[in-house]
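For reference, the structure is listed below as structure tokens.
Note that ligands are numbered from 1 as they come in the structure, with each ligand's atoms numbered from 1 the same way.
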Amino acid sequence: MTANPIGQPVPRVDGRLKVTGSADYAAEHHPDGMAHGVVVQSTIAAGWISGFDVAAAEAVPGVVRVILAGGIPDFPWEENRQIVDPAEGVIERPLAELRVLHQGQHIALVVAETLEAARHAASLVRVSYREERAVTSITEAVRQAEPVSGESSKEYPPNVERGDVEGEWARSAVTVSASYVMPRHNQNPMETHATIASWTASGLTLWDKTQWPQNVAETVGKALGLPKDQVHVICPFVGGAFGSSLRVWPHTYLAAIASKMLGRPVKIDLSRREYYGGTGCRPWTQLNMRLGADRDGRLRMIAQEAIAETSTYEDYTEAVVRPTRVLYKSEANGTYYKLAHRATNTPNAMRAPGETTGLFGLECALDELAYALRLDPVELRLRNVNDFDPFKKLPFSSTSHAECLRRGAEAFGWRRRNPQPADTREGRLLIGSGVASAIYPVNISPAEARATLMPNGEVQVLIAASDMGPGTYTSLSQVAAGTLNLPIERIRLHIGDSKLPHAPVHGGSMTMASCGHAVLAACQALLETLARDHGANTHDLARTAAGLSAPVSAEGRHDPGDLQKKYSPWAFGAVFAEVAVDPDTCETRVRRITGAYGNGHIINPRLARSQSIGGFIQGIGQALMERTEVDEQSGRIMNANLAEYLIPVLADTPALEVIFVKEDDPHLGPLQAKGIGEIALCGIGPAIANAVFHATGIRVRELPITPDKLFSGQELPAAAD
Ligand code: MOS
């Protein structure tokens with residue numbers, strides 16, 4: 001008998017490969033004859049290319065070809081719009097035309113024998129433009145913002161109201177009206193974006209950094225006119241992504257096109273500077289909040305208007321206002337969503353895309369309401385906790401929101417907090433604590449897997465899933481081992497390859513609830529097949545395997561069925577942060593964070609904690625450091641590097657505590673698992689912002705909370721002597 005590994009803190013099965021540098025990432029392949037491509041990017045925000053001067057670039061020794069916008073063969077460019085693509089707009093076709101739509105657009109590719117030659121030659125390409133007037137200023141874009149329209153409005157309607165929003169506003173005894181801003185962010189994974197393309201008689205092979213190999217195969221295939229089974233996408237390891245590798249980006253098509261034109265493999269490995277313009281970002285978003293409550297703190301109305309940046313060529317939309325519809329009870333609720341079109345690259349999903357942004361407005365406004373009511377912010381939330389989705393008119397599949405608030409508060413020591421802002425000191429430091437709730441949907445998509453018992457006693461498990469860091473290799477292996485009653489060492493899990501059985505996107509925190517159930521189903525099917533067709537003793541697969549003359553396979557599939565028709569499934573949590581603010585330098589340090597979550601059954605508590613503290617650390621960055629700076633005049637990104645785009649380092653990372661409350665949710669399937677990766681970032685930013693207010697009495701409503709924002713306007717209480 002083997003102890004069931006499901007629910008155990010199993011160490012990462014790929015940990016050794018990763019720490020020894022043996023895990024191979026997209027850029028780390030070297031097919032014979034491979035050349036290196038380096039992009040040339042536009043330095044205007046809008047207009048037309050009027051000419052190229054490539055003489056100097058072509059003269060660099062080792063340069064193979066300088067491929068220019070307007071100089072590639074015709075391809076069908078059939079679109080394959082998926083959940084990861086904006087529903088409205090025109091998908092970028094690199095080098096297919098001379099039009100420039102944003103700064104950092106790829107407008108030429110220099111291919112050379114070495115990376116150094118390509119990079120040097122790319123710097124020598126001279127470009128002339130006919131520049132056009134374009135809106136690059138966010139201020140101007142916001143002035144011209146329009147309600148979400150077209151195809152996007154089907155999934156993201158511009159106005160959703162329940163009850164009498166204005167009437168309840170008028171009837172409220174205490175109100176809060178305030179605007180908050182989440183700046184633009186870049187995902188900044190450790191691994192940058194890379195594609196290696198290689199054509200053979202049987203089609204195209206792409207080693208591509210992606211969270212969805214099968215979508216890359218299909219999308220590139222349609223664009224370039226190949227059936228999807230002739231495009232093979234390989235990506236066994238992903239060095240972090242945070243959503244940045246959900247879509248197919250222009251450089252991936254470009255690698256394939258260049259390789260086809262030159263008849264040899266081509267690698268494009270974007271630098272950090274290059275991907276800030278060549279991929280996406282979390283959109284700058286303004287949140288206009290209004291809350292109204294009775295004196296006892298019961299909410300009468302909640303209204304949230306989001307105004308988010310997008311590009312001029314695509315309408316990127318996300319779930320920004322959705323948490324505000326379901327998190328709290330109220331008589332009336334209104335959410336409004338506008339897009340501000342700006343001549344920039346199209347934003348895309350970044351960890352908890354929308355939810356983390358919307359919650360910043362909602363959870364800070366609620367904190368402001370708590371002070372207006374002179375009511376404890378935890379108590380205010382507890383008085384308004386919802387157990388029902390009032391829009392879908394369906395119960396939650398499960399909720400531990402209230403329990404998370406209580407358990408988190410207790411573990412954090414919330415009761416000892418002095419309710420008065422700017423009144424807690426430790427030496428010369430101002431100390432504050434803040435709370436926020438967290439919510440993220442439970443997403444489950446159909447998935448398929450195949451399990452094969454080999455005569456040597458190993459079980460091969462195949463599914464086209466990905467692992468961008470949460471530990472898919474380990475957690476899916478646990479599910480297989482647990483189902484088959486085998487030691488985890490016997491499981492050979494293969495993921496990250498488009499030829500494997502169908503997996504949905506590795507995003508939306510859906511991998512365990514989707515692929516996990518498919519692996520479970522495949523392993524159960526294998527046990528049934530062995531018992532039925534081979535009369536095998538399925539309690540001792542080692543003995544069964546020894547008697548096999550050939551491998552035995554079975555397939556399994558999972559479909560969430562009508563889950564979304566019967567329930568509104570969400571994960572909930574509550575997070576608590578303590579900060580210390582230096583009254584002289586206005587520097588804020590986060591001293592500790594406690595997060596409590598109801599995430600259903602936890603498949604691997606070690607990985608779950610890792611995911612959570614990763615979210616906390618990213619939340620510290622969101623609260624205090626991160627901001628992609630777009631120049632208002634030129635639309636150019638000014639800090640496209642990790643020296644000027646700040647993210648937390650270990651010295652910024654304090655004590656982090658994660659609590660998973662016991663929660664069953666059989667509606668989600670036998671694993672009863674909710675996602676973890678994205679809720680881990682939700683609520684951290686506002687909890688820290690609320691703690692800064694509690695420490696200082698200063699309400700900073702635009703992230704990040706840098707010292708200048710605390711310096712300006714208000715005097716901080718003087719340091720105690
Ligand atoms: Mo996540 S933003 O769905 O990778």
Any donor-acceptor pair under 3.5 Å linking the side chain of Gln304 with the backbone of Met289? no
Residues in side chain to side chain contact (heavy atoms under 4.5 Å, CB included) contact with Lys18, at least two apart in sequence or another chain: Asp14, Ala23, Tyr25, Phe237
Return a table of donor-acceptor pairs under 3.5 angstrom between the side chains of residues 611-618 and protein atoms on other chains or two or more places apart.
{"from": "Ser612", "atom 1": "OG", "to": "Ala608", "atom 2": "O", "distance (Å)": "2.9"}
{"from": "Gln618", "atom 1": "OE1", "to": "Arg351", "atom 2": "NH1", "distance (Å)": "2.9"}

Closest approach of Met190 to Arg272 (non-hydrogen atoms, all atoms of both residues): O-NH2, 2.8 Å
Criterion salt bridge (charged side-chain N to carboxylate O under 4.0 Å, His left out) on Arg322 and Glu355, from CA distance to verdict: CA-CA 7 Å; Arg322 285 189 187 160; Glu355 289 89 358; 5.8 Å; no
Contacts table for ligand 1: protein N or O within a distance under 3.5 Å of ligand N or O, distances only.
{"from": "ligand 1", "atom 1": "3 (O)", "to": "Gly508", "atom 2": "N", "distance (Å)": "2.6"}
{"from": "ligand 1", "atom 1": "3 (O)", "to": "Glu678", "atom 2": "OE2", "distance (Å)": "3.2"}
{"from": "ligand 1", "atom 1": "4 (O)", "to": "Gln211", "atom 2": "NE2", "distance (Å)": "2.8"}
{"from": "ligand 1", "atom 1": "4 (O)", "to": "Gly243", "atom 2": "N", "distance (Å)": "3.2"}

Checking His558 now: which residues fulfil ring-ring contact (aromatic ring centres under 6.0 Å, His included) with it, not counting sequence neighbours? His517
